[in-house]
Undergrad: 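Structure provided below as structure tokens; questions to follow.
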Number of protein chains: 2
Amino acid sequence: MGIQERKEREKAHMRQMILETALAIFQAEGFDKVSVRAIADRIEYSPATLYLYFKNKDDIFYALHEEGFRRFIEYQRRADVLDDPAQRLKKMGQDYLNFAVENPEYYDLMFIMAAPMREVSQEWSCGKEAFENLVKGVQDCLESGQILSGNVHTVSLGIWAFVHGLASLLLRGRLQIIPEEQREKAIEAALEYLDALLTHRPGR
Amino acid sequence: MGIQERKEREKAHMRQMILETALAIFQAEGFDKVSVRAIADRIEYSPATLYLYFKNKDDIFYALHEEGFRRFIEYQRRADVLDDPAQRLKKMGQDYLNFAVENPEYYDLMFIMAAPMREVSQEWSCGKEAFENLVKGVQDCLESGQILSGNVHTVSLGIWAFVHGLASLLLRGRLQIIPEEQREKAIEAALEYLDALLTHRPGR
DNA sequence: TTCATAAAATTAACATTGTTCAGTAACGGA
DNA sequence: TCCGTTACTGAACAATGTTAATTTTATGAA
């Protein structure tokens with residue numbers, strides 16, 4: 001009686017099909033062009049069919065945002081190759097920005113857009129998990145004793161805000177006040193100040 | 001022949017009427033509810049009339065975003081009462097966040113939403129002006145010699161990214177990983193690390 | 001195979017949306 | 001009063017998200 005399982009496979013496959021198509025349109029033509037009908041057209045189903053697999057359009061974006069976090073976690077793991085906690089943390093910051101630049105649509109969904117969050121009922125577990133990974137990195141720095149004073153969560157929040165600030169200003173076109181050719185350099189230079197958040201002694 | 005001037009007054013008045021209404025809906029019911037028809041209904045004109053005063057809907061948001069910057073500049077000026085450059089800069093950061101919290105819709109338009117930027121043809125003069133005010137604040141700190149090394153524009157970008165990161169994470173619901181009652185405190189605590197960006201010596 | 005039931009997919013509709021264009025009403029100067 | 005310009009509107013268009021009723025398809029039993 002493997003028929004039940006086959007159906008579940010098919011259901012999962014259909015969901016993935018929808019998500020892949022939605023993402024493809026998002027990447028190729030932008031958020032505004034991601035319509036239920038456009039997705040339905042591409043997968044050669046009726047628009048109404050999508051509602052058998054997702055509650056509504058926001059739910060599709062929520063699922064995409066989850067997929068984004070799965071990829072993001074891999075970026076976070078890249079720092080694990082480094083032994084020195086401080087260097088590891090710095091690489092986490094760099095890779096955060098790398099993720100944003102290399103996956104701008106996912107980043108938008110995960111950290112900027114309103115749509116996916118409307119589907120977050122209780123806890124934003126995706127975000128929480130990713131943040132805890134950062135906290136862990138900061139914790140390691142604290143325990144290794146090389147640097148840093150202050151509350152671990154506060155420092156983590158500061159680091160997140162800093163790199164997210166750079167990423168979101170860039171992705172949402174607010175860094176056009178910097179000439180195109182200098183922009184990347186400027187961001188890299190600013191990122192150097194990540195150290196500052198770690199070496200700083202608050203409340204002086 | 002004051003008739004021409006009266007017409008211009010009326011035209012300006014109509015524009016303002018539209019903008020005020022758009023903002024009112026935005027503040028009361030959110031971005032999604034700001035429709036051309038909803039605005040037209042409230043001011044008791046036909047939807048088509050709006051297109052005699054604005055090129056399109058994005059153009060309305062662009063005008064709103066400009067108004068936001070006018071109010072923002074006033075927040076920036078609040079720091080002028082302080083004489084010490086470092087304290088002045090810190091207050092600028094605090095007031096930046098105050099603006100975001102007290103005018104979340106304006107902030108969204110100015111620094112997060114995509115819509116207004118689609119109407120920016122060449123130069124984003126609003127943003128440039130506001131940023132230059134920040135640069136000036138950083139410059140003063142450098143010249144007073146109390147603190148800081150490194151490139152003025154780089155530090156300014158870092159400061160902006162930092163405070164914008166906090167503001168945008170908050171406004172877009174990404175800080176719900178922090179319990180409601182601790183959230184404000186956490187942001188305040190993180191903001192203390194603004195100092196870090198100033199006292200830091202890069203490239204060590 | 002045949003039939004009833006359950007599941008999957010579609011059709012067609014609804015209420016919105018932004019935007020345009022042909023027409024109408026109001027106004028200003030002659 | 002007439003005429004031209006300006007201001008405005010009505011109606012339409014194409015596109016959107018979403019739902020209810022209906023049809024098609026697959027399934028397991030007789």
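Numbered from 1 within each chain, the chains take letters A, B, ... in sequence-line order. Source: prediction; values computed, not measured.
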Undergrad: Can you measure B:L52 atom CG to C:dG18 atom P for me and round it to whole angstrom units?
TA: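 Answer to the nearest Å: 16 Å.
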
Undergrad: For D:dC8, does OP1 or OP2 lie under 4.0 Å from any side-chain N or O of B:Y51?
TA: no

Undergrad: Measure the distance from CD1 on B:I18 to P on D:dC8 and round it to the nearest whole Å.
TA: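 Nearest whole value for this atom pair: 9 Å.
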
Undergrad: So, B:F69 versus B:F111, ring centres under 6.0 angstrom or not?
TA: yes

Undergrad: Between A:I60 (CD1) and D:dT16 (P), how many Å, whole number?
TA: 13 Å

Undergrad: Among the candidates C:dC21, C:dA9, D:dC8, find the nucleotide nearest to the side-chain atoms of A:Y53.
TA: C:dA9

Undergrad: How many whole angstroms separate atom CG of B:L50 from atom P of D:dG10?
TA: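 Whole-Å distance recorded here is 13 Å.
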
Undergrad: Take the protein atom CD1 of A:I39 and the nucleotide atom P of D:dG17, then report the distance between them rounded to whole Å.
TA: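 After rounding, the reported distance stands at 8 Å.
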
Undergrad: Just checking B:T49: base, sugar-phosphate only, or nothing, at a heavy-atom cut-off of under 4.0 Å?
TA: base

Undergrad: In whole angstrom, give the distance that lies between atom CE of B:M14 and atom P of C:dA26.
TA: 16 Å

Undergrad: Any idea which of C:dT17, C:dA8, C:dG28 is nearest the B:K7 side chain?
TA: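 The answer is C:dG28, which lies nearest to the side chain.
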
Undergrad: Kindly point out which of D:dG17, C:dT11, C:dA8 is positioned nearest to the side chain of A:A48?
TA: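 Side chain of A:A48 sits closest to C:dT11.
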
Undergrad: Measure CG/B:D32 against P/D:dT16 and give the value in whole Å, please.
TA: 16 Å

Undergrad: For B:N56 and B:R6, find the nucleotide of DNA chain C closest to each by heavy atoms; which residue's nucleotide sits nearer the 5' end?
TA: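 Its nearest nucleotide being more 5', the pick is B:N56.
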
Undergrad: Can you identify which nucleotide, out of D:dT9, C:dT19, C:dA9, has its nearest atom closest to the B:P47 side chain?
TA: C:dT19

Undergrad: Where each residue is assigned the nucleotide of DNA chain C containing its nearest heavy atom, which of A:Y45 and A:R37 is assigned the position nearer the 5′ end?
TA: A:Y45

Undergrad: Among A:N56, A:T21, A:I43, find the residue that satisfies the side-chain contact (heavy atoms from CB on, under 4.5 Å) test when tested with A:L50.
TA: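 Among A:N56, A:T21, A:I43, the one that satisfies the side-chain contact (heavy atoms from CB on, under 4.5 Å) with A:L50 is A:I43.
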
Undergrad: Does A:F54 reach a base, just sugar-phosphate, or nothing at all? Heavy atoms under 4.0 Å.
TA: nothing

Undergrad: Find the distance B:K57:NZ to C:dT17:P and express it as a whole number of Å.
TA: 8 Å

Undergrad: Could you tell me whether A:Y96 and A:Y107 have their ring centroids closer than 6.0 angstrom?
TA: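 Yes, they do, as the ring centres are separated by less than 6.0 Å.
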
Undergrad: Quick one: are the ring centres of B:H65 and B:F61 less than 6.0 Å apart?
TA: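 Not under 6.0 Å, so no.
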
Undergrad: Report the relative orientation of the aromatic rings in A:H164 and B:H164; use parallel for angles under 30°, tilted for 30 to 60°, perpendicular for over 60°.
TA: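 Parallel, since the angle between the ring planes stays under 30°.
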
Undergrad: Where the side chain of A:S46 is concerned, which of C:dT11, D:dT6, D:dT18 is the nearest nucleotide?
TA: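 So the nucleotide nearest the side chain must be C:dT11.
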
